[in-house]
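Proteins come first, then strands; the chains are lettered A, B, ... in the order of their sequence lines, and each starts at number 1.
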Protein chains: 2
Amino acid sequence: MTSTRATLQQVAERAGVSLASTSRALHGTGASKAMVERVRAAAAELGYSPDAVGRSLRMKKTFQIAFAVADIGNPVYVEMMRAIHGVLAPHGYRVVVMTTGDTTGSTADLVRSLNSGFVDGMVISPLRTDDRLIQEIQQAAVPVVVIGRALGDHGISSVSTDSAGGIGAAVRHLHAIGRRRVGFLNGPLDTTPGEARQRGFDAAVRAEGFAAERIEVEIAGDFTVAAGLEAARRLFARAPDGAGQLDAVVAANDLLAIGVIHAARELGLSVPQDVAVTGMDDIEIGRVFHPSLTSVSLGSTERGRAAAQLMLRLTEDPGQQAQQVAVGPALIVRKSTDGGAR
Amino acid sequence: MTSTRATLQQVAERAGVSLASTSRALHGTGASKAMVERVRAAAAELGYSPDAVGRSLRMKKTFQIAFAVADIGNPVYVEMMRAIHGVLAPHGYRVVVMTTGDTTGSTADLVRSLNSGFVDGMVISPLRTDDRLIQEIQQAAVPVVVIGRALGDHGISSVSTDSAGGIGAAVRHLHAIGRRRVGFLNGPLDTTPGEARQRGFDAAVRAEGFAAERIEVEIAGDFTVAAGLEAARRLFARAPDGAGQLDAVVAANDLLAIGVIHAARELGLSVPQDVAVTGMDDIEIGRVFHPSLTSVSLGSTERGRAAAQLMLRLTEDPGQQAQQVAVGPALIVRKSTDGGAR
DNA sequence: CGTTCGGCTGGAATCGTTTCCAAAAGTGTG
DNA sequence: CACACTTTTGGAAACGATTCCAGCCGAACG
């Protein structure tokens, strides 16, 4: 542990010049060749490095961006974080990770805490979005970018995706490979993704040309593997009402899908032969899972990157208008639905 | 976007009292009942919330702790981060995530950057530890806690585990279930975990009472699934030199183990019947993987928590001596080795 | 040679907070 | 009523940096 860090004042004294000149010399703005050299030398001797806090106070800029999510355990958020970090770090920003509980109230509180000015902006991916949260975002002292729901109507910058359409693609895929008894395992309906995916599913199965022998819907407590396993057991346990056992399950995300596959195995059902399973989010582990997981990619990396770029623009020019970015879904077929014709 | 945030000065004027009194009133220290009430009211009317930067400058404390890892994509680090966050957040600390590349040089640079004083401390889990890094840590301006290697000799606080012993437990387990042709898939040997695990493996197979027909070692490029898959292919491809095909593989971590299982499947080998596989770290996905993964837990959560608690102690009393914590490994047997007698 | 202009430099203000110190106000006792 | 003593209050000084502003100097030009 060194005695104490060197301050600009000390560098100035050592170089025998004024504080102002020292600052300028180190920034290379409007200082003579000789001055720069002299100050650089003094700074090097003292091992000076500028204090981030002092600089932040004066410049009214912290070079920190917050990334807030309900649960950092979800690989989707980790992917987003990597992407965000990848965009921001080269511009000199640090990323502060914040975990909101999954209640909308605590999320709103978190947004409110932005008023204490410890970051220059916040990227947030809330599970639920209510009026209070929207209002807090609108009143926030720093730019906020939302990943999830499109909030352009409220003058909020957001990066959205068409998860409803994505679920539709999954449903059509299953139909195309001949599955007719399809279950849908969704997460809580009062969440943004839960609501959208339900809408997508309902629309798809009601669409023209969709022939079904059986449709079942089950809701998991949250978007985790454990909740998915539990809910999937219930789903499979439903007594076939005349029609046969389900031959396909659409899961609202990959973690739930993994739970579904687990539950299927418990019952001796093989995937994809007996039951085809689709997930959503295209998390990395799905690719190496057995069977590898058919999934609808919502471009987590792309969304994270887009959000970070939006943020960059907003922090550099705070007068900027709110902007919207939409990332399209893409179905990626793998083994969990690719059993050929039965 | 509100016009501009209220400052303490403005609250003071509104309440008609001095700046000093205002500050005291809001902290509840040495202010009269009436004063507190008056100031509170003014603050509420203005929607005042204290500026984190101003406060940091004055108090020489940022209430931020950095967590630095090579790659946040590894679930182990995510688990640690959750644990660290869980300990620190209740004490009012924010967690800043930093990604070092996996080179030791950039890690040292990161530690050096602590001199700019944007955090009160740093928890770091470096893949490699060389002299320069150790030196930077020793000279760092704020407390540093290392998760990984025990560095008590260098006067550095660290949380370590016995991964060598953990590998030993895995090897003994495989031996106990009758496997005699065992492969070891390790990560780079110049990393801290790579070196320790190699040592553990070598010691275990040389131990008294260990009977082997065949031993093979292969090194993956890094600790990821992709690298594991590739290296595992090489491992399995080695021509059996008289002895039969491998019937067990010890992987240096769970991601590599997943790669091994994948490679085995490609060859039509079934796990665990043909090849038993063990991993290390006990990541969450291993529990729901198929087959579920036998793994040596190194207590990621526990280590993260311990590191955070150490950090807490160090920041609150900087004169504190460096401390060491060791977390023991624990073998958790699941299906990937539990095929019964063949 | 005097003037103007441009580039460098140093003094001082500023960002928002906490806290030291001295002064003022209140309290109780002799 | 004076005194000692304890709260309570306000002024001012930090913390470490950037930047406005005015002054200084030398060069160029008429």
Is any side-chain N or O of [X] closer than 4.0 Å to OP1 or OP2 of [N]?
X: A:R58; N: C:dT14; answer: no
X: B:R55; N: C:dT18; answer: yes
X: B:T7; N: C:dC15; answer: no
X: A:S23; N: D:dT18; answer: yes
X: A:S21; N: C:dG10; answer: yes
X: A:S32; N: C:dT9; answer: yes

Problem - Side-chain donor or acceptor of A:T191 paired with backbone N/O of A:R128 under 3.5 Å - result: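 Looks like no, no N/O pair under 3.5 Å.
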
Handout entry: A:A83 backbone acceptor or donor facing A:T301 side chain under 3.5 Å
Key =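 Not confirmed, A:T301 side chain does not pair with A:A83 backbone.
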
[N] [atom2] sits how many Å from [X] [atom1], rounded?
X: B:D51; N: D:dC15; atom1: CG; atom2: P; result: 19 Å
X: B:L8; N: C:dC15; atom1: CG; atom2: P; result: 14 Å
X: A:H27; N: D:dG16; atom1: NE2; atom2: P; result: 17 Å
X: B:E13; N: C:dG16; atom1: CD; atom2: C1'; result: 13 Å
X: A:K61; N: C:dT14; atom1: NZ; atom2: C1'; result: 19 Å
X: B:K33; N: D:dT7; atom1: NZ; atom2: P; result: 16 Å
X: B:R38; N: D:dT9; atom1: CZ; atom2: P; result: 9 Å
X: B:M59; N: D:dG16; atom1: CE; atom2: C1'; result: 17 Å

Practice task
Looking at every strand, decide which applies to A:V53 at a 4.0 Å heavy-atom threshold: base, sugar-phosphate, or nothing.
Solution key: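 The residue A:V53 makes no contact with any strand.
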
Please determine, for the side chain of [X], which listed nucleotide ([options]) has the closest atom?
X: B:P50; options: D:dA17, C:dG16, C:dT17; answer: C:dT17
X: A:S18; options: D:dG10, D:dA17, C:dG10; answer: C:dG10
X: B:L57; options: D:dG10, C:dT9, D:dG16; answer: D:dG16

Exercise for the section: Between A:G30 and A:L19, name the one whose nearest nucleotide on DNA chain C is closer to the 5' end. Expected result: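 The residue whose closest nucleotide sits nearer the 5' end is A:G30.
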
Practice task
Under the side-chain hydrogen bond (donor to acceptor under 3.5 Å, both in side chains) rule, what do A:Q324 and A:S158 come out as? Steps first, then yes or no, please.
Solution key: CA-CA 5 Å; A:Q324 313 302 315; A:S158 59; 2.4 Å; yes

Handout entry: Evaluation steps, side-chain contact (heavy atoms from CB on, under 4.5 Å), between B:V39 and B:T22
Key = CA-CA 6 Å; B:V39 170; B:T22 310; 3.6 Å; yes

Exercise for the section: Please confirm whether any donor atom in the side chain of A:R24 sits under 3.5 Å from an acceptor in the base of C:dG10, or the reverse. Expected result: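 Checked by distance alone, the answer is yes.
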
Handout entry: Comparing B:K60 and B:M35 on DNA chain D - which has the more 5′ nearest nucleotide
Key =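 The residue whose closest nucleotide sits nearer the 5' end is B:M35.
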
Problem - Residue closer to the 5' end of DNA chain D, B:G16 versus A:S49 (nearest nucleotide) - result: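 Nearest nucleotide further toward 5': that of B:G16.
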
Handout entry: Distance in Å, A:L314 CG paired with A:D120 CG, rounded so as to fall on 0.5 Å steps
Key =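 The CG atom of A:L314 sits 12.0 Å away from the CG atom of A:D120.
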
Problem - Heavy-atom closest contact (A:I147 atom, A:S125 atom, distance) - result: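 Scanning both residues completely, I find the closest heavy atoms to be O-OG, 3.2 Å.
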
